[in-house]
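This report refers to the structure that appears directly beneath it.
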Amino acid sequence: MRARDKAAVSALRGTLAALDNAEAVPVGTAPRAGALEASPVGVGATEAARRELDERDVADVVRAEASERLEAAAQLTAPAHAARAERLRAEAAVLLRFLDTAEDTGEDAAEDVPADA
């Protein structure tokens, strides 16, 4: 990000927001208001624990973000939108590069584990 790569910054910010949204508590599982005397009291009493995403969930969100960008770029066919389409493709490439790196690292880690373990 120090190189001021606008496509990378935009892709990473959008994906971090998507990951934050994916960790949100589903609406139906939040505690409901009840009687006043039964209501929780104190700092953080009404906070709900966020969901924890595993590596597969994170990769799925990143893959979905890259796919959305590629689909949007494919729909921008007018010459006036060529720059925007190219930027979306560059953002998707950044995200896909992260996925490739993560998958390569995962495969390397799997190879390091002994077979009898």
Side-chain angles (χ1 to χ4, degrees):
M1 285 196 220
R2 284 207 174 265
R4 308 271 186 208
D5 185 357
K6 290 182 181 181
V9 170
S10 177
L12 293 175
R13 282 185 180 158
T15 304
L16 287 173
L19 288 168
D20 195 38
N21 288 340
E23 291 174 339
V25 178
V27 176
T29 62
R32 304 205 72 155
L36 183 60
E37 61 273 2
S39 64
V41 179
V43 176
T46 59
E47 295 292 320
R50 295 181 66 81
R51 294 185 325 162
E52 290 188 27
L53 302 177
D54 60 8
E55 286 186 38
R56 174 177 282 159
D57 294 333
V58 171
D60 289 343
V61 170
V62 174
R63 195 172 290 110
E65 287 292 306
S67 176
E68 285 179 21
R69 284 168 171 75
L70 290 173
E71 288 173 14
Q75 293 176 359
L76 296 174
T77 57
H81 299 295
R84 176 69 178 144
E86 185 57 37
R87 183 170 178 186
L88 287 169
R89 285 188 200 95
E91 290 178 12
V94 167
L95 296 175
L96 293 173
R97 198 170 37 223
F98 275 110
L99 282 176
D100 290 342
T101 303
E103 289 173 358
D104 291 344
T105 304
E107 290 173 4
D108 292 343
E111 292 172 0
D112 293 341
V113 176
D116 58 341

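- Applying the side chain to side chain contact (heavy atoms under 4.5 Å, CB included) criterion to D54, with sequence neighbours excluded, gives R56, D57.
- Applying the side-chain hydrogen bond (donor to acceptor under 3.5 Å, both in side chains) definition to pairs two or more places apart or across chains, those involving residues 6-21 are S10-E91, D20-R50.
- Taking A18 as the reference, V61, E65 meet the side chain to side chain contact (heavy atoms under 4.5 Å, CB included) condition, with sequence neighbours excluded.
- Nearest heavy-atom pair, A90 versus A7, reported as atom, atom and distance to 0.1 Å: CB-CB, 3.9 Å.
- In this structure, the side chains of L70 and L88 stay at 4.5 Å or more apart for every pair of heavy atoms.
- Judged as a salt bridge (Lys or Arg N to Asp or Glu O under 4.0 Å), and not counting sequence neighbours, E23 has no contacts.
- Interatomic distance, CD of E55 versus CG of D60, reported as 11.5 Å (0.5 Å rounding).
- A59 meets the side chain to side chain contact (heavy atoms under 4.5 Å, CB included) test with R63, L99; sequence neighbours excluded.
- Evaluation of the side-chain hydrogen bond (donor to acceptor under 3.5 Å, both in side chains) test over residues 72-84, restricted to residues two or more places apart or in two chains, returns none.
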